[in-house]
Amino acid sequence: MTAPDTSRISPTAHYTAYAWYRNGMSVPELATAKGRLLFHALSPANRLFSYAGKADLESMLLARHRVIDHLLGRAIRSGEVQQVVEVAAGLSPRGLRIRRRFPNISYVEADLKDMIQTKRSCIGRMLDERHSLVVVNALAESGEDSLKHLATQLDPTKGTAVITEGLLPYFDGADGARIWRNISAFLRSFPSGVYLSD
């Protein structure tokens with residue numbers, strides 16, 4: 001099988017996915033050749049930061065991912081959350097890991113069409129009826145690719161978590177505020193809601 005075309009995925013998504021894989025947090029199917037190349041190209045700079053006692057990019061990405069995982073796991077164990085939506089999921093392995101740890105949790109990975117197609121070609125065979133990939137544009141306020149529409153597809157009786165990891169730094173204040181409004185409106189559709197972000 002040929003590797004999926006990942007040319008439209010941002011370089012940071014490739015880099016981050018490879019960092020997760022290299023540190024035992026992901027599966028090989030989500031580690032791209034471009035990610036490996038970027039990771040090794042930035043390794044000297046990361047070592048310099050580390051030697052200087054500063055946080056390097058790899059350490060910051062891993063810490064961010066682990067903290068979100070920890071907080072999500074705590075919300076699931078408390079019973080506050082029974083379904084999760086990871087917006088702009090990219091090449092994140094979190095859905096696979098959470099489904100292994102908490103098999104009764106429903107997990108939705110949401111992203112733009114090209115990313116969803118790419119991810120489906122990478123891990124489609126690993127998904128089950130409680131783990132899905134859907135097209136969502138975090139900026140859309142209505143329509144089939146909006147969070148508003150996704151809310152109608154989920155169980156309205158279950159506490160829900162929304163995760164955005166690495167998304168908001170790409171947007172200015174107005175667009176970032178629109179994303180937050182969309183997430184807030186989405187979470188009001190459920191009896192309890194948790195929002196986790198960097």
Side-chain angles (χ1 to χ4, degrees), residues 1 3-50 54-77 81 83-103 105-112 114-128 130-134 136 138 161-170 194-198:
M1 184 168 95
D5 175 13
T6 57
S7 59
R8 293 190 180 114
I9 303 171
S10 74
T12 54
H14 287 284
Y15 176 90
T16 305
Y18 192 80
W20 290 326
Y21 169 69
R22 183 179 180 274
N23 286 276
M25 299 173 74
S26 189
V27 294
E29 290 84 353
L30 294 174
T32 66
K34 186 182 282 188
R36 182 176 61 246
L37 177 67
L38 290 168
F39 183 87
H40 290 297
L42 290 173
S43 288
N46 278 330
R47 281 195 296 275
L48 283 174
F49 275 103
S50 185
K54 307 286 184 188
D56 61 82
L57 179 58
E58 180 182 7
S59 297
M60 288 188 291
L61 292 172
L62 296 174
R64 177 181 81 183
H65 202 68
R66 288 176 176 138
V67 167
I68 292 173
D69 279 0
H70 171 75
L71 295 173
L72 178 61
R74 188 167 69 185
I76 292 170
R77 285 189 299 275
V81 167
Q83 56 192 2
V84 179
V85 176
E86 187 169 1
V87 178
L91 295 169
S92 169
R94 181 177 286 113
L96 295 171
R97 286 199 321 274
I98 292 297
R99 289 283 299 121
R100 279 196 301 267
R101 286 177 60 200
F102 303 102
I105 290 295
S106 295
Y107 204 100
V108 177
E109 298 192 44
D111 213 315
L112 299 175
D114 288 342
M115 183 68 248
I116 291 299
Q117 289 174 340
T118 296
K119 197 158 194 180
R120 188 168 283 121
S121 70
C122 292
I123 65 165
R125 64 182 177 76
M126 300 178 194
L127 304 178
D128 59 32
R130 289 184 179 261
H131 186 181
S132 59
L133 306 176
V134 300
V136 167
V162 171
I163 298 169
T164 61
E165 182 176 4
L167 172 66
L168 293 173
Y170 287 99
V194 172
Y195 175 48
L196 301 173
S197 182
D198 44 324

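Here the structure is a predicted model, which is why all the values come from computation and not from measurement.
- Listed by chain and number, the residues in a side-chain hydrogen bond (donor to acceptor under 3.5 Å, both in side chains) with Thr164 are Tyr195, Ser197 (sequence neighbours excluded).
- Under the salt bridge (Lys or Arg N to Asp or Glu O under 4.0 Å) criterion, Glu165 pairs with Arg64, Arg94, sequence neighbours left out.
- With rounding to the nearest 0.5 Å, the separation of CD in Glu86 from CG in Asp111 is 9.0 Å.
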Given side chain to side chain contact (heavy atoms under 4.5 Å, CB included), test Asp114 with Gln117 step by step and report yes or no.
CA-CA 5 Å; Asp114 288 342; Gln117 289 174 340; 3.9 Å; yes
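- Every residue two or more places apart in sequence or in another chain was checked for a salt bridge (Lys or Arg N to Asp or Glu O under 4.0 Å) with Arg100, and none qualifies.
- Under a 3.5 Å cut-off, the side chain of Thr16 and the backbone N or O of Ala13 do not form any donor-acceptor pair.
- Closest approach of Leu62 and Trp20 over heavy atoms only: CD2-CD1, 4.0 Å.
- The two residues Asp198 and Gly166 come nearest to each other via the heavy atoms OD1-N, 3.1 Å.
- Note that CD of Glu109 is 7.0 Å distant from CD1 of Ile116, once rounded to the nearest 0.5 Å.
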Go through the steps to decide whether Arg66 and Met25 satisfy the test side chain to side chain contact (heavy atoms under 4.5 Å, CB included), and finish with yes or no.
CA-CA 9 Å; Arg66 288 176 176 138; Met25 299 173 74; 3.8 Å; yes
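- The closest donor-acceptor contact from the side chain of Arg99 to the backbone of Ile105 lies under 3.5 Å.
- The two residues His40 and Tyr18 come nearest to each other via the heavy atoms NE2-OH, 4.0 Å.
- What you find for Asp69 and Arg101 is that their closest heavy atoms are O-NH1, 4.3 Å.
- Summarising the geometry of Ala19 relative to Asn23, their closest heavy-atom pair is O-ND2, 2.8 Å, with the distance given to 0.1 Å.
- Side-chain atoms of Ile163 and Tyr107, non-hydrogen and from C-beta on, do get closer than 4.5 Å to each other.
- Counting only distance, with no hydrogens or angles, the side chain of Lys119 and the backbone of Leu30 share no donor-acceptor pair below 3.5 Å.
- With Phe102 as the partner, the side chain to side chain contact (heavy atoms under 4.5 Å, CB included) test is satisfied by one option alone out of Leu72, Val84, Val81, Ile76: Ile76.
- Nearest heavy-atom pair across Tyr170 and Ser10 is OH-OG, 3.8 Å.
- Rounding to the nearest 0.5 angstrom, the gap separating the OG1 atom in Thr32 from the NE2 atom in His14 is 4.5 Å.
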After noting the C-alpha distance and the side-chain angles of Met115 and Thr118, does the key distance pass the side chain to side chain contact (heavy atoms under 4.5 Å, CB included) rule?
CA-CA 5 Å; Met115 183 68 248; Thr118 296; 4.1 Å; yes
